[in-house]
Amino acid sequence: MINLNTSEQNTWCPGCHNFVILSCAKKAVSELINEGHAKHEDFVTVTGIGCHAKLYDYINTSGFYGLHGRAIPTANGITLGNPKLKVMTFAGDGDVYAEGISHFINAARVNPNYALFVNNNKIFALTTGQVTPTSEKGFPGRSTPKGNPFTPMNPVSLALEAGASFVAREYSLDVKNLTETMKAAIKHKGFAYVDIIQPCITFHNFTEYVKDKMYRLNGPFEYKKAMEKAKEWDYSDSADAKIPVGIFYEEERPTLSDLFDNKNWSEAYPERKINSALWERFKV
Amino acid sequence: MEFQITIAGEAGQGIAKSAEIVSKDFVSRGFYVFNYRDYGSLIRGGENFNVLRISDEPVYSNDWTNDFAILFGKFSSHHLNKMKQNGISIGTLEGVQAKMNPSLIIKEIGANKIVENAVLLGALYKAMGQPIEALIKQMETYGKHTKVNQIAAQKGYDTYNGEVNEIRFNVRKGNRYYVSGSNAISQGAIASGMDLYIAYPMTPATPVLHILARVKDDVRAIQLENEIGVISAGLGASFAGANVMVGTSGGGFALMNEALSLQGISEIPIVTYMCMRPGPATGIPTYTGQGDMQFVLNSGHGEYSKVVIAPGDPKEAFERTAEAFYLANKYRVLSVLLTDKHLAESDYTFDSSPTFRVKPTRNLVNQSKDYLSYKITEDGNSPRAVPGKGIARATSYEHDEMGYTVEESEKIKIMVEKRLRKAKTLEDAVKKLEPITVYGKGKRLVISWGSTKGAIVDAIKLLEDTRFLQISYLKPFPSEEVKKEIEESLDVAIIENSATGQIAALIRENTGLEIKKKILKYDGRPFGYLELADKIKEMFK
Ligand SMILES: Cc1ncc(C[n+]2csc(CCOP(=O)(O)OP(=O)(O)O)c2C)c(N)n1
Ligand SMILES: [Mg+2]
């Protein structure tokens with residue numbers, strides 16, 4: 001049994017849903033290893049910056065603790081460098097939907113082969129409670145004391161619109177389904193996006209709001225139906241909302257690395273002489 | 001013995017291609033050609049021109065008066081007063097010595113408008129007393145348009161009845177290499193074992209993206225969504241084990257800054273090709289300047305080591321690209337190849353091949369169970385390993401040897417000091433790579449870096465008692481070497497294609513010596529060698 005724990009001191013708030021997400025991630029990785037899907041050394045945990053990103057310190061795999069907003073392009077590069085790696089990218093809603101939104105839309109389009117988990121607490125948590133693009137209108141964040149003036153974006157329908165090849169939503173406390181969907185996302189060949197609804201117990205606790213509104217999809221669906229389902233909830237706090245969770249959509253198409261021949265450059269490594277013959281190409 | 005030709009016309013009239021044909025013909029016959037390209041940020045309408053300086057001795061720059069000119073289209077009249085005494089101008093403009101009507105000639109042969117330039121090239125060959133067969137042979141590179149261009153050229157040659165100024169001199173035989181900076185960087189990168197080139201288009205760095213996208217070698221050129229995406233993916237790919245170069249100009253480099261700083265703390269090797277245009281902001285996209293030097297040296301927040309290399313010509317660019325990859329991989333640092341439009345887009349002729357001071361290395365160790373991504377070492381350099389074979393970590397936070405986040409004062413100091421020790425290690429490494437070069441002899445010294453080399457080397461041949469110190473490594477800075485050269489001189493000036501002369505500040509920072517004399521040019525154009533010789537003479541009067 002591979003030990004995925006590290007001895008780093010955990011600094012999440014007691015009761016933070018990130019503990020659950022972390023344990024689901026470890027469970028998913030260890031089951032995938034046991035099922036022979038991948039080896040321990042193949043996994044790479046990529047993170048952005050935020051509370052969610054501390055996961056890098058708490059999981060014993062290779063890892064890349066990136067910049068705020070840049071987990072996606074960093075992961076793009078990792079799959080280009082070595083397409084055999086199993087990359088799990090954890091990012092926050094601030095990371096992906098604010099700072100790095102252009103990377104999200106373009107990644108959905110070019111289909112890099114990795115799983116993107118967005119720990120969506122509808123708040124900038126590590127910077128102590130400002131609104132993000134998925135915060136509901138009226139929410140009194142610390143930079144918007146009179147209430148968030150803007151309506152939220154719907155990242156799930158955006159991902160579908162942008163061409164993501166795997167789109168899902170899960171809830172941070174649903175251990176069984178979150179673990180299963182994580183595994184499916186990691187196994188998916190292409191850009192697998194999972195929005196994890198994760199109430200922040202300190203700065204934005206919407207547990208009561210989502211608790212009774214979620215229902216399970218029997219997806220994946222064909223595109224049009226998936227889009228309809230994606231639009232059922234607009235990330236607002238409307239009282240009569242229904243929040244579908246599960247897999248909305250899945251398709252297989254060439255990945256970013258496929259398009260560049262899936263070369264594993266890390267293996268193309270014999271020490272060699274400089275190929276000075278290339279200078280001869282300029283001979284007239 | 002030498003002469004200069006300007007070929008000017010409207011964008012879209014095949015000016016650059018005409019210049020290439022003439023250049024390659026002369027180079028193939030043993031001449032040395034320097035080809036300066038001047039074009040605006042536009043696709044059609046507006047002027048393009050090329051200046052070809054052709055000689056039986058090596059030449060690395062041009063000047064601004066011509067022995068011959070093809071002036072074609074409505075924008076080129078300003079070249080009329082740049083003719084030498086016995087110069088011959090040919091073209092369609094009012095005021096040229098030999099007026100031609102290529103549109104009539106192409107009608108006669110039933111050809112398309114785009115071969116009008118071939119008519120004028122034929123006329124030029126007659127005016128230069130050069131064999132038309134040589135031009136016609138060179139036109140074989142036109143592919144399916146070869147025949148019609150050849151007919152048009154012959155017709156131009158036969159029709160020309162202006163003056164003839166026969167060029168007659170003997171050239172030494174031997175190998176000739178005709179190459180631009182963009183081509184040299186591209187091939188140099190492949191030669192050094194690059195796997196991936198990642199970029200977002202930005203003039204004047206774009207030609208490298210185009211060249212590498214076309215090559216059949218085992219490399220991939222990839223365009224991503226923006227420069228932040230480019231450098232982040234570059235670091236990701238290098239972390240995974242690829243040998244990566246990213247490329248851009250000033251604006252894109254500005255966007256890359258946060259991730260360049262991430263390079264500093266994560267110690268992931270990467271090479272950045274930074275090709276300057278004049279700024280600020282969008283500036284002058286298709287013109288040249290060296291004004292981003294201090295920005296590049298000081299790029300990335302935080303305190304960490306990097307390498308900034310400034311090759312002076314395409315051959316050096318080929319050699320120094322190898323060093324950029326070597327140093328990046330060996331010491332897990334960022335190597336910036338700092339060039340500009342003038343170096344990237346001018347073509348130079350060489351008669352020898354590059355020599356290399358380094359062997360390529362990916363510098364990967366076999367991971368054992370106890371591999372530490374940030375092992376504390378005496379020289380500050382930690383062994384490099386990649387994920388896939390064992391555990392490898394990279395992080396933007398301050399960290400311990402394993403790569404786990406730390407905030408404790410003792411642990412922070414240990415890692416900061418490890419990185420500091422790398423600065424000294426790099427300094428020692430760069431000392432072995434000929435960071436400076438001195439040209440000529442004399443008590444008076446001009447100092448410069450980068451693409452000004454060509455005009456300076458050509459200018460000091462015309463001057464007495466003047467030598468040239470070229471600084472090829474801006475970081476780590478070869479302080480002792482530069483100090484010694486300055487102290488051995490009676491008079492010193494710096495030369496820079498910028499408005500403020502940033503190399504003077506860099507020299508003062510590193511040697512304590514202040515150089516007050518500055519020869520500067522900041523109109524987007526490179527120095528002409530005669531122009532520069534006059535300015536140096538004036539400065540040392
Ligand atoms: C370029 C940059 N801007 C701002 C910050 C400050 N910052 C750190 S975490 C964070 C927000 C994190 O929010 P989110 O991504 O939602 O993660 P969470 O803390 O909610 O898990 C910000 C703005 C930063 N680190 N880098
Ligand atoms: Mg958040």
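First the proteins, then the strands, lettered A, B, ... as listed; each starts at 1. These figures come from a predicted structure and were not determined experimentally.
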Hey, are the side chains of Asp218(B) and Lys263(A) touching, using non-hydrogen atoms and a 4.5 Å cut-off?
yes
The interface call for Val27(B) against chain A, heavy-atom contacts under 4.5 Å, is both
Cut-off 4.5 Å, heavy atoms of chain B, and the answer for Asn106(A) is side chain
Q | Stepwise side-chain contact (heavy atoms from CB on, under 4.5 Å) check, Gln187(B) with Asn275(A) | A | CA-CA 9 Å; Gln187(B) 299 296 335; Asn275(A) 186 0; over 6 Å; no
Closest heavy-atom pair, Trp265(A) versus Val219(B), reported as atoms and distance to 0.1 Å, is CH2-CA, 4.3 Å
Indicate the ring-plane relationship of Tyr397(B) and Tyr65(A), choosing parallel, tilted or perpendicular according to the 30° and 60° boundaries.
tilted
Turns out that what part of Ile49(A) lies under 4.5 Å from chain B's heavy atoms comes down to side chain
What one should report as the nearest heavy-atom pair of Gly229(B) and His103(A) is N-CE1, 3.6 Å
**Message:** For Lys315(B), is the NZ atom crowded, meaning more than 12 foreign heavy atoms sit under 6.0 Å from it?
**Reply:** yes
Honestly, the part of Tyr178(B) sitting under 4.5 Å from a heavy atom of chain A is both
Whatever's closer than 4.5 Å to a heavy atom in chain B on Leu80(A) counts as both
message = For the NZ atom on Lys189(A), are there more than 12 heavy atoms of other groups (residues, nucleotides or ligands in this structure) within a distance under 6.0 Å?
response = yes
Between the OG atom in Ser266(A) and the NZ atom in Lys389(B), the distance rounded to the nearest 0.5 Å is 4.5 Å
CD of Glu8(A) to OG1 of Thr405(B), rounded to nearest 0.5 Å, is 7.0 Å
One option among Leu67(A), Asn60(A), Thr45(A) has the most heavy-atom pairs under 4.5 Å with chain B, and it is Leu67(A)
Most heavy-atom pairs under 4.5 Å with chain B, out of Pro73(A), Gly81(A), Ser102(A), Gly69(A), belong to Pro73(A)
Closest heavy-atom pair, Phe260(A) versus Ala221(B), reported as atoms and distance to 0.1 Å, is CE2-O, 3.6 Å
Greatest number of non-hydrogen atom pairs under 4.5 angstrom with chain A, of Gly390(B), Pro314(B), Pro354(B), Ser180(B), falls to Pro354(B)
OG of Ser257(A) to CD1 of Ile222(B), rounded to nearest 0.5 Å, is 8.5 Å
Flag the pair Leu278(A) / Phe318(B) as yes when at least one side-chain heavy-atom distance between them is below 4.5 Å, and no otherwise. yes
Bottom line for Ile231(B): the part with an atom under 4.5 Å from chain A's heavy atoms is neither
Q | Aromatic plane relationship, Tyr177(B) with Trp279(A) - under 30° parallel, 30 to 60° tilted, over 60° perpendicular | A | tilted
Under 4.5 Å to a heavy atom of chain B? For Lys283(A) that would be both
Counting heavy-atom pairs under 4.5 angstrom with chain A, the leader among Asn183(B), Val244(B), Val386(B), Thr349(B) is Asn183(B)
Any sub-3.5 Å donor-acceptor pair from Ser396(B)'s side-chain atoms to Gly66(A)'s backbone N or O? yes
When rounded to the nearest 0.5 Å, the distance separating CD1 of Ile72(A) from CD of Glu225(B) is 8.5 Å
- prompt: If only atom types and distance count, is the side chain of Ser62(A) paired as donor or acceptor with the main-chain N or O of Ala392(B) below 3.5 Å?
  reply: yes
Ranked by heavy-atom pairs below 4.5 Å to chain A, first place among Glu319(B), Arg176(B), Lys24(B) goes to Arg176(B)
Bottom line for Ser352(B): the part with an atom under 4.5 Å from chain A's heavy atoms is backbone
Bottom line for Leu196(B): the part with an atom under 4.5 Å from chain A's heavy atoms is side chain
Shortest non-hydrogen pair, Tyr56(A) vs Gly403(B), comes out as OH-O, 2.7 Å
Next on the checklist: I'd like to know if Arg220(B) pairs up with Asp261(A) as an ion pair, taking the criterion as any Lys NZ or Arg NE/NH1/NH2 lying under 4.0 Å from an Asp or Glu carboxylate oxygen.
Outcome noted: yes
**Message:** Please check if the number of heavy atoms outside Tyr200(B) that lie under 6.0 Å from its OH is greater than 12.
**Reply:** no
If you tally heavy-atom pairs under 4.5 Å between each of Ile78(A), Leu256(A), Leu259(A), Thr47(A) and chain B, the highest tally belongs to Ile78(A)
Among Val46(A), Thr61(A), Asp42(A), the residue with the most heavy-atom pairs under 4.5 Å to chain B is Thr61(A)
In terms of heavy-atom contacts, Ile59(A) and Arg393(B) come closest through O-NH2, 2.7 Å
Count the heavy atoms belonging to other residues, nucleotides or ligands that lie under 6.0 Å from CE of Met402(B), then report whether that count exceeds 12. no
So, the part of Phe350(B) with a heavy atom under 4.5 Å from chain A: the answer is side chain
Turns out that what part of Gln9(A) lies under 4.5 Å from chain B's heavy atoms comes down to neither
Kindly say whether Tyr404(B) contributes a backbone atom to a donor-acceptor pair with the side chain of Asp57(A) at under 3.5 angstrom? no
| task | State whether Arg281(A) and Asp217(B) are salt-bridged, where the test is any N-O pair (Lys NZ or Arg NE/NH1/NH2 against Asp/Glu carboxylate O) under 4.0 Å. | result | yes
Note to self: Please determine whether side-chain contact (heavy atoms from CB on, under 4.5 Å) holds for the pair Phe64(A) and Ile268(B), giving the CA-CA distance in whole Å, both sets of side-chain angles, and the decisive distance to 0.1 Å.
What the structure shows: CA-CA 11 Å; Phe64(A) 195 136; Ile268(B) 299 168; 3.4 Å; yes
Heavy atoms of Ser353(B) and Glu280(A) approach each other most closely as OG-OE2, 3.5 Å
